[in-house]
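In the text below, chain A, chain B and the rest are named by the order of the sequence lines, each starting its count at 1.
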Amino acid sequence: MSETIKNARLMPRIFFDRRPQIVARQLLGKLLVRREDNGPLVAGRIVETEAYLGADDAAAHSAAGRTQRTAVIFGPSGHAYVYFTYGMHYCMNVSCEPEGRAGCVLLRALEPIAGIGQMARNRKMQIPRSARNDNAASLDERTLRLLCAGPARLCQALGIDRPRDNGKDLLTPDSDLQLWDDGYPVKKIVATTRVGITKSADLPLRFYISGSAYISRK
DNA sequence: ACTCCGATTGAA
DNA sequence: TCAATCGGAGTC
């Protein structure tokens, strides 16, 4: 049975009008929610993030200045910056800081919470019949982890891509992609260097919930 | 117009 | 360990 989401509310804009280092840490434990017209609610709890700074961060896409591709990073906070990479994958960020200043947080891993069956279908995974009714318990731990452990995997699981979602406001009641806060308590956070970059690779800007079984890598 | 390469993933 | 696969950004 899927975990029930209770007492969750849409996150406030002001939460994201801060430095990416702060937002990346505070975003752990929050929920990323996809609301389809036809289909179940699909949601995951954020367990791993990375901060990309506006200045002094050569690894950030915004480092070279504002372009058509990176415009969202310089725009108002709480919007989705979705980019296409390696010719086949999408990754999703949440813009930070007030409009005019660059900064964003990459979502690297989610713990599947709702719409497990839909996630598996979106990921084109071979699943038992019992999982088609969003029965998380019917999936083994390994399969469950593969749904959203990685920035491109979580996008695929929630049907997130650039044409559909880039620039989307994640904080309005009518949006089909939202960020919720259900008060989940994050006990301990681990900070490490970021994954898969070569420039500014020494900065400790990757964060994850200590002990989570759903992070992309140790 | 041409080249280089990447905030990844899944298979070998 | 390595191929897949292509758009963005810089160079010619």
So for atom CG, which belongs to A/Asp56, do other residues, nucleotides or ligands contribute more than 12 heavy atoms lying within a distance under 6.0 Å? no
Hydrophobic cluster membership, with links at side-chain heavy-atom distances under 4.5 Å among I/L/V/M/F/W/Y: are A/Phe15 and A/Val186 in one? yes
Considering the options A/Leu27, A/Leu170, A/Ile22, which one meets the side chain to side chain contact (heavy atoms under 4.5 Å, CB included) requirement together with A/Phe16? A/Leu27
All N/O pairs under 3.5 Å across the protein-nucleotides 9-12 of chain C interface:
from  : atom 1 : to      : atom 2 : distance (Å)
C/dA9 : OP1    : A/Thr67 : OG1    : 2.7

Would you please classify the geometry between the A/Phe84 ring and the A/Tyr90 ring as parallel, tilted or perpendicular, with 30° and 60° separating the classes? tilted
Using a 6.0 Å cut-off, check whether atom CZ of A/Arg217 has over 12 heavy atoms from anything other than its own residue. no
Output all residues satisfying salt bridge (Lys or Arg N to Asp or Glu O under 4.0 Å) with A/Arg25, sequence neighbours left out; order by chain, then residue number. none
Just to be sure I understand the rule, does A/Ala152 reach a base, reach only the sugar-phosphate, or reach nothing, if contact means heavy atoms closer than 4.0 Å? sugar-phosphate
Measure OH/A/Tyr52 against C1'/B/dA7 and give the value in whole Å, please. 4 Å
Hey, can you pull the residues of residues 71-83 of chain A with a non-hydrogen atom under 4.0 angstrom from DNA chain C? none
Quick one: do A/Asp165 and A/Arg34 make a salt bridge, cutoff under 4.0 Å? yes
Between A/Ala149 and A/Lys199, whichever has its closest DNA chain B nucleotide further toward 5' is A/Lys199
Check: A/Thr70 main-chain N/O paired with A/Thr67 side-chain donor or acceptor under 3.5 Å: yes
I need the CZ-C1' distance between A/Arg206 and B/dT8, as an integer number of Å. 14 Å
Is a side-chain donor-acceptor pair under 3.5 Å present for A/Ser77 with A/Asp17? yes
Rounded off to whole Å, could you give me the NE2-to-P distance for the A/His89 and C/dC6 pair? 12 Å
Going by heavy atoms closer than 4.0 Å, what residues in residues 207-218 of chain A are next to DNA chain B? none
Close N or O pairs between protein and nucleotides 10-12 of chain B (under 3.5 Å):
from   : atom 1 : to       : atom 2 : distance (Å)
B/dG10 : OP1    : A/Arg123 : NH1    : 3.0
B/dG10 : OP1    : A/Arg123 : NH2    : 3.0
B/dG10 : OP2    : A/Arg153 : NE     : 2.6
B/dG10 : OP2    : A/Arg153 : NH2    : 2.5

So among A/Thr193, A/Thr49, A/Thr192, which one has a side chain to side chain donor-acceptor pair (under 3.5 Å) with A/Arg206? A/Thr192
Provide, to the nearest angstrom, the distance between the CG atom belonging to A/Leu154 and the C1' atom belonging to B/dA7. 12 Å
Pairing of DNA chain B as dot-bracket, 5' to 3': ( ) intra-strand, [ ] crossing, | other strand, . unpaired, with Watson-Crick or G-U pairs under 3.5 Å? ||||||.||||.
If you compare every side-chain N and O of A/Arg162 against the phosphate oxygens of C/dC6 (OP1, OP2), does one of them come in below 4.0 Å? no
Check: A/Ala8 main-chain N/O paired with A/Asp182 side-chain donor or acceptor under 3.5 Å: no
With A/Arg194 as the cation and A/Tyr52 as the aromatic partner, state whether NZ or CZ is under 6.0 Å from the six-membered ring centre and within 45° of the axis. yes
